[in-house]
Protein chains: 2
Amino acid sequence: MRIVTLNANGIRSAARKGFFDWLPHQSADVVCLQETKAHIHQLDDPLYWPEDFHCYYLDADKKGYSGVAIYARHPPDMLVRGLGWPDMDAEGRYLEARFGDLSVVSVYLPSGSSSAERQAVKFTFLDRFLPHLRECAAKGHHYILCGDWNIAHKPIDLKNWRSNQKNSGFLPEERAWLDTVFERDGWVDAFRHANPQPDQYTWWSNRGQAWAKNVGWRIDYQVVSPGLRAAIRAVAIYKDQRFSDHAPLIIDYDHPFPV
Amino acid sequence: MRIVTLNANGIRSAARKGFFDWLPHQSADVVCLQETKAHIHQLDDPLYWPEDFHCYYLDADKKGYSGVAIYARHPPDMLVRGLGWPDMDAEGRYLEARFGDLSVVSVYLPSGSSSAERQAVKFTFLDRFLPHLRECAAKGHHYILCGDWNIAHKPIDLKNWRSNQKNSGFLPEERAWLDTVFERDGWVDAFRHANPQPDQYTWWSNRGQAWAKNVGWRIDYQVVSPGLRAAIRAVAIYKDQRFSDHAPLIIDYDHPFPV
DNA sequence: CTTTTTATG
DNA sequence: CATAGAAAG
């Protein structure tokens, strides 16, 4: 079972850069996208409805902003649109597809980098999301939460950790929150579980020479429930092409895809 | 004496397209620009202050909107900024440089194409500009009024005159106003005086294949006072490079440049 | 620095 | 269709 996640930074921009030429060659079972930045009526081109997938979009109310999607090779038994939080759901941040005993989620956590107000929104999301994760855990089935969590967990997860300790995305409170998710509650950072190497990033600023110098952050995750830890087979960050300021995170699982 | 006029559709865009590489080779005495679309503090690059010229900018209050400029090889004796009409002057539409017995003007008449409200503004400008022209004529010295008048005068001055009779820029009232300027008041359309050929345009829509098919309009003029009629020596519309959706209009006059 | 809007032409 | 600005990341 192969799952691909990508913050597209505009699905139409990613399309122009060849994402939909690349995708059919990935043998993906599920594809999770974040920051589609489009309303569904702007995606009438068949390009945005790739063959062999069942495609679901959840848009923000605001045009050109946020938005998540899931493409699934097999039709899900159920689709969950949003978290039941009207303020966050208006921003198109959470889409869940249930396949038998497995849920795959495409989630886009708020960025706090643009203002103190947006950082407060991010903290509010974190405050509410932890109980949500605990409800998921209590359900007793498998979860794979794919997406842009907008937090680098540890110093190994970004190039310049010292200078970023006061910047959104590597604040002590944000890191402590991820500690709780991974270390107390037992969720698994699938990429890091399989790859302990440094310099493994999924996002590079567009400013300066960040990409050329690999000055990046690992803020995109596949976070899996404890029962899937042993099923993590292979992990990869795809950097041969650039569809976005983020790179696709591709993970293979032994767990059979429920059909 | 050579005078060049161009609606730059953004002086920074025209710069990217090589306007300031081309300009030094033109032996221009005066250069008139319209739609600079920049505030002067955004033009600190020396590129925008070409050597061998005295450079004057008149900006609109609104960022990125309208704005005119004059570059003069010799320093003018006097510079007139605006027409004394606060509403129009806030839009950066009129800059006059006086050299001895000659005034050279860079003028950008309002476009009416975006709304009925803007068409009303255009008509208001026309209503006030005719008395202004008569005041100029009464002064008894020479005038060369360069710029984008946003009106094609006669059917020969645009490709599709029949279908444009209800469109701003070729309305009967606008054409009649130019009739008054040229036929009653005796101002001279210098390009047409020297070149009676059809298909001589200075603006082409960016939509479709207007440029490739030469579906254009002649809406940029050098309008000269009657005493300069006999001094019109050579006229040209420069189309070898494209700096803008408008083309430079270059006219040589026998009248010696007053220094 | 980039994507996507919006206003304007 | 293109320029430039605004909002957001």
Side-chain angles (χ1 to χ4, degrees), chain A residues 7-17 19 34-39 42-43 59-67 91-93 108-119 121-122 148 150 167-169 203-212 215 217 219-220 242-246, chain B residues 7-17 19 34-39 42-43 59-67 91-93 108-119 121-122 148 150 167-169 203-212 215 217 219-220 242-246:
Chain A
N7 178 319
N9 191 23
I11 193 173
R12 288 166 291 179
S13 167
R16 286 192 297 271
K17 294 170 180 168
F19 176 69
Q34 303 85 39
E35 282 206 277
T36 51
K37 292 190 176 186
H39 280 169
Q42 299 172 297
L43 305 177
D59 304 337
D61 292 347
K62 187 196 290 200
K63 279 187 80 175
Y65 181 70
S66 189
E91 296 189 349
R93 297 189 172 278
Y108 174 46
L109 269 69
S111 166
S113 64
S114 62
S115 69
E117 290 69 38
R118 291 304 299 174
Q119 183 62 41
V121 169
K122 183 175 184 177
D148 177 358
N150 262 317
N167 292 140
S168 180
W203 174 77
W204 300 261
S205 169
N206 279 316
R207 319 205 189 171
Q209 298 304 110
W211 168 263
V215 178
W217 299 49
I219 58 179
D220 300 273
R242 237 188 144 194
F243 308 123
S244 163
D245 51 346
H246 296 248
Chain B
N7 178 319
N9 192 21
I11 193 172
R12 288 167 290 179
S13 167
R16 287 193 297 272
K17 295 171 181 169
F19 175 70
Q34 303 85 41
E35 283 207 276
T36 50
K37 292 190 175 187
H39 280 169
Q42 298 172 300
L43 304 178
D59 305 338
D61 292 349
K62 187 197 289 198
K63 279 185 81 176
Y65 181 70
S66 189
E91 295 189 349
R93 297 189 173 277
Y108 174 44
L109 268 69
S111 167
S113 64
S114 62
S115 69
E117 290 68 37
R118 291 306 298 174
Q119 183 62 42
V121 169
K122 184 176 184 177
D148 177 357
N150 262 317
N167 292 140
S168 179
W203 175 78
W204 301 260
S205 170
N206 279 316
R207 320 211 186 164
Q209 298 303 113
W211 167 264
V215 178
W217 299 49
I219 58 179
D220 300 274
R242 233 184 148 200
F243 308 124
S244 162
D245 50 347
H246 296 247

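Chain identifiers are assigned alphabetically (A, B, ...) following the order of the sequence lines, protein sequences preceding nucleic acid strands; residue numbering begins at 1 within each chain. Fair warning: this is a prediction, and the values are worked out from it, not measured in the lab.
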Legend entry - Partners passing side chain to side chain donor-acceptor pair (under 3.5 Å) against A:Trp211 (at least two apart in sequence or in another chain): none
Inset, instruction - Indicate, with a heavy-atom threshold strictly under 4.0 Å, whether A:Lys122 touches base, sugar-phosphate, or nothing. - result: nothing
Inset, instruction - Could you tell me which residues satisfy side chain to side chain donor-acceptor pair (under 3.5 Å) with B:Ser111, sequence neighbours excluded, listed by chain and number? - result: B:Ser113
Inset, instruction - Output all residues satisfying side chain to side chain donor-acceptor pair (under 3.5 Å) with A:Asp59, sequence neighbours left out; order by chain, then residue number. - result: none
Inset, instruction - With sequence neighbours excluded, tell me which residues meet side chain to side chain donor-acceptor pair (under 3.5 Å) with B:Trp217. - result: none
Inset, instruction - Give the first and the last nucleotide of DNA chain D, reading 5' to 3', that has any atom under 4.0 Å from a heavy atom of chain A. - result: D:dA8 to D:dG9
Inset, instruction - Name the nucleic acid region contacted by B:Gln209, choosing base, sugar-phosphate or nothing; use a 4.0 angstrom heavy-atom cut-off, strictly under. - result: nothing
Inset, instruction - Name all residues meeting the side chain to side chain contact (heavy atoms under 4.5 Å, CB included) criterion together with B:Lys122; count only those two or more places apart in sequence or in a different chain, and write none if there are none. - result: B:Pro110, B:Gln119, B:Asn150, B:Ile151, B:Ser168, B:Glu174
Inset, instruction - Describe the nucleic acid contact of A:Arg16 in one word from base, sugar-phosphate, nothing, applying a heavy-atom distance below 4.0 Å. - result: sugar-phosphate
Inset, instruction - Using the closest heavy atom to pick a nucleotide of DNA chain C for each, name whichever of A:Gln42 or B:Asn150 lands nearer the 5' end. - result: A:Gln42
Legend entry - Sequence-distant partners of B:Lys62, side chain to side chain contact (heavy atoms under 4.5 Å, CB included), two or more places apart: B:Tyr65
Legend entry - Residues in ring pair (Phe, Tyr, Trp, His ring centres under 6.0 Å) contact with B:Phe243, at least two apart in sequence or another chain: B:Phe19, B:Trp22
Inset, instruction - Go through the structure and list residues passing side chain to side chain contact (heavy atoms under 4.5 Å, CB included) with A:Ser114, not counting sequence neighbours. - result: A:Arg118
Inset, instruction - Please determine, by modelled atom types, if A:Asp148 and A:Gln34 share a side-chain donor-acceptor pair under 3.5 angstrom. - result: no
Legend entry - Heavy-atom contact window of chain A on DNA chain C, given 5' to 3' at under 4.0 Å: C:dC1 to C:dT6
Inset, instruction - Check DNA chain D against residues 60-67 of chain A and give the residues with a non-hydrogen atom under 4.0 Å, in numerical order. - result: A:Lys62, A:Tyr65
Legend entry - Listed partners of A:Gln209 passing side chain to side chain contact (heavy atoms under 4.5 Å, CB included), at least two apart: A:Ala212, A:Lys213
